[in-house]
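For reference, the structure discussed in these notes is given below.
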Amino acid sequence: MINKFFLTIIVSVFLTNCGFSPIYTTSSKQVIISKSEIIGDRDLAFNLEQKLNFKKDEKNLNAYIFKAQIYDTAESSLIDSRGISTEEILRLTISYQFQDKNGIVIYQDAITKDKRVSVTDNLSNNILVKNNEKRLLLDSIVQNILFKSKVSLN
């Protein structure tokens, strides 16, 4: 008990005097957009806009225009001896850009994520599994977009 107490005091003394400062703080500026245009699968586009949750302000002169395109594909990666696909690769690609009020591209990028999915004879189950995997891929891409936009635009 005494050792933990002394260790805590020693660590706190060194951390306060060593120049340590947190890297990620909540004081970072939020990305403000005036409008967003997302092209692609309607459900994925809706989910993308909801999950990005950028602050919208059409009157702000420093607000960006966000444009994105969503592409999702599925291709067979494993075929059994009968010639029936048993595994597919789901691929989700989002290319996006931030423009200023004059339409000049400030930042653009494209992110692709993929996932192997088992395919069965049950079509309704396959659709549910694929949609869930697409949502998970979208969540991962959204995190990348949010991080890259905060780093590159601020």
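Fair warning: this is a prediction, and the values are worked out from it, not measured in the lab. Along the sequence shown, residues carry numbers from 1.
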Point to revise | Euclidean distance, Phe98 CZ relative to Ile145 CD1, rounded to 0.5 Å | key: 7.5 Å
Exercise for review: Flag the pair Lys67 / Gln99 as yes when at least one side-chain heavy-atom distance between them is below 4.5 Å, and no otherwise.
Suggested key: yes
Exercise for review: Could you tell me whether the side chain of Lys35 reaches within less than 4.5 Å of the side chain of Glu58, counting heavy atoms only?
Suggested key: no
Review point. Does the side chain of Ser36 come within less than 4.5 Å of Lys56's, by heavy atoms?
Key: yes
Study note, to complete from the structure: side-chain hydrogen bond (donor to acceptor under 3.5 Å, both in side chains) filter on Ser118, not counting sequence neighbours, yields none
Review point. Hey, are the side chains of Gln69 and Ile94 touching, using non-hydrogen atoms and a 4.5 Å cut-off?
Key: no
Check your understanding: Does Ile32 reach the side chain of Tyr64, with side-chain heavy atoms less than 4.5 Å apart?
Key -> no
Review point. Does atom CZ of Phe46 have more than 12 heavy-atom neighbours from other groups under 6.0 Å away?
Key: no
Check your understanding: Taking the side chain from Asp57 and the backbone from Lys59, do they hold a donor-acceptor pair closer than 3.5 Å?
Key -> yes
Side-chain donor-acceptor contacts of residues 136-143 below 3.5 Å, not counting sequence neighbours, with atom names and distances?
unit_1	atom_1	unit_2	atom_2	d
Asp139	OD1	Lys51	NZ	2.4

Show which side-chain atoms of residues 125-134 pair as donor or acceptor with protein atoms under 3.5 Å away, not counting sequence neighbours.
unit_1	atom_1	unit_2	atom_2	d
Asn126	OD1	Thr120	N	3.1
Asn126	OD1	Thr120	OG1	3.1
Asn126	ND2	Thr120	O	2.8
Asn126	ND2	Asn122	O	3.4
Lys130	NZ	Glu88	OE1	2.7
Asn131	ND2	Ile127	O	3.4
Asn132	OD1	Arg135	NH1	3.3
Lys134	NZ	Asp72	OD2	2.6

Review point. Got a second to check how far Lys55's NZ is from Asn60's CG, nearest 0.5 Å?
Key: 8.0 Å
Practice item. Indicate yes or no: at least one non-hydrogen side-chain atom of Phe54 is less than 4.5 angstrom from one of Ser149. Key: yes
Exercise for review: Go through the steps to decide whether Tyr71 and Asp41 satisfy the test side-chain contact (heavy atoms from CB on, under 4.5 Å), and finish with yes or no.
Suggested key: CA-CA 8 Å; Tyr71 307 100; Asp41 180 76; over 6 Å; no
